[in-house]
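Below is one structure, written out as structure tokens; comments come after it.
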Amino acid sequence: PTVQRGLAVFGCRDGWVTCLRADDGRVVWRFRGAPEERRIGAFGQLESPWPIHGSVLVQDGTVYFAAGRSSFLDGGIFLYGLDLATGRVNSQLPGHWFVYTLAFSPDGKTLAVPDAIGNIKLWDVATEKRRLATEHYTSFALSPEGRTVYLVSHPGSVRTWDLATGKQNTLFEQQAR
């Protein structure tokens, strides 16, 4: 679970996010990230077609998580931001494929949503607007001040993007052999 402000928040393979009081385990709220209550057989058990994989992130009182397996199945992946205290929806970001993780810039202003097929979408947390979308990376990092994205791609190029200006620079380009 993610523990913050005396609350423990976690997602489950049943498609629900639960918030408990950390001191006594009492349920504060539950939120169904799945668009409907349904079960399928997966990995020898019954679970939602929209499981909540991994940990949820909490940033500035908002709980972020992704629900689902694939944009190609069962209506896609749903990405939410919920109010930590109440569980009410603050935001829902559209159009994500194969989301396995979420990452914040160190300043907390940018949410990075990488996927398993080499795409990354960066979102401005305050405005919920997409700041950048890239393709074909193998690794990425956000700078400590949250202004620059570093992307590594095959066969070995390293690029930077300045989020304020949109300017791209190539730091290193390995020549194919």
Side-chain angles (χ1 to χ4, degrees), residues 1-40 42-71 74-116 120-132 139-150 163-164:
T2 302
V3 178
Q4 193 170 98
R5 299 181 188 172
L7 301 172
V9 188
F10 56 93
C12 293
R13 299 190 76 74
D14 66 358
W16 287 80
V17 174
T18 302
C19 177
L20 306 174
R21 290 192 336 205
D23 60 351
D24 63 8
R26 176 172 272 151
V27 174
V28 177
W29 54 261
R30 291 188 77 217
F31 178 84
R32 189 180 74 204
E36 63 185 77
E37 193 65 38
R38 186 166 41 133
R39 297 288 179 261
I40 61 172
F43 308 108
Q45 62 186 11
L46 289 177
E47 59 184 55
S48 173
W50 305 276
I52 314 300
H53 292 287
S55 296
V56 299
L57 295 175
V58 178
Q59 178 76 28
D60 295 330
T62 300
V63 177
Y64 294 94
F65 68 93
R69 298 176 192 282
S70 165
S71 65
D74 303 309
I77 304 235
F78 299 86
L79 185 61
Y80 289 97
L82 307 178
D83 181 83
L84 175 63
T86 65
R88 289 191 193 107
V89 176
N90 288 340
S91 61
Q92 182 177 359
L93 299 177
H96 294 281
W97 299 359
F98 301 109
V99 175
Y100 290 113
T101 188
L102 304 173
F104 279 99
S105 61
D107 66 1
K109 295 180 181 177
T110 302
L111 176 64
V113 185
D115 65 28
I120 182 172
K121 294 177 183 170
L122 300 176
W123 297 87
D124 182 294
V125 173
T127 66
E128 298 180 17
K129 300 243 186 265
R130 189 168 70 185
R131 298 177 76 178
L132 175 72
S139 182
F140 81 98
L142 295 162
S143 65
E145 78 284 351
R147 287 183 44 104
T148 305
V149 180
Y150 297 87
L163 292 177

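All residue numbers refer to positions in the sequence shown, counting from 1.
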Q. Atom OG1 in T62, atom CG in L82: separation rounded to 0.5 Å?
A. 8.5 Å

Q. CG/D124 to OG1/T110 distance, rounded to the nearest 0.5 angstrom?
A. 6.0 Å

Q) Would you say the side chain of I52 lies within less than 4.5 Å of the side chain of C12, judging by non-hydrogen atoms? A) no

Q | Working for side chain to side chain contact (heavy atoms under 4.5 Å, CB included), residues F31 and T86 | A | CA-CA 10 Å; F31 178 84; T86 65; over 6 Å; no

Q. To the nearest 0.5 Å, what is the distance between CG (L7) and CG (L20)?
A. 8.5 Å

Q: State which residues pass side chain to side chain donor-acceptor pair (under 3.5 Å) with T148; sequence neighbours excluded, sorted by chain then number.
A: none

**Q.** Nearest non-hydrogen partners of A8 and P1, listed with the distance
**A.** CB-CB, 4.3 Å

Q | Test side chain to side chain donor-acceptor pair (under 3.5 Å) applied to T2 - qualifying residues, sequence neighbours left out | A | none

**Q.** Test side chain to side chain contact (heavy atoms under 4.5 Å, CB included) applied to R26 - qualifying residues, sequence neighbours left out
**A.** R21, D24

Q. Are Y80 and V63 close enough, and set up right, to give a side chain to side chain contact (heavy atoms under 4.5 Å, CB included), and what steps lead you there?
A. CA-CA 8 Å; Y80 289 97; V63 177; over 6 Å; no

**Q.** Distance-minimising heavy-atom pair for D60 and R5
**A.** C-NH2, 4.0 Å

Q.
Counting C-beta onward and ignoring hydrogens, is there a side-chain heavy-atom pair between F65 and V9 closer than 4.5 Å?
A. no

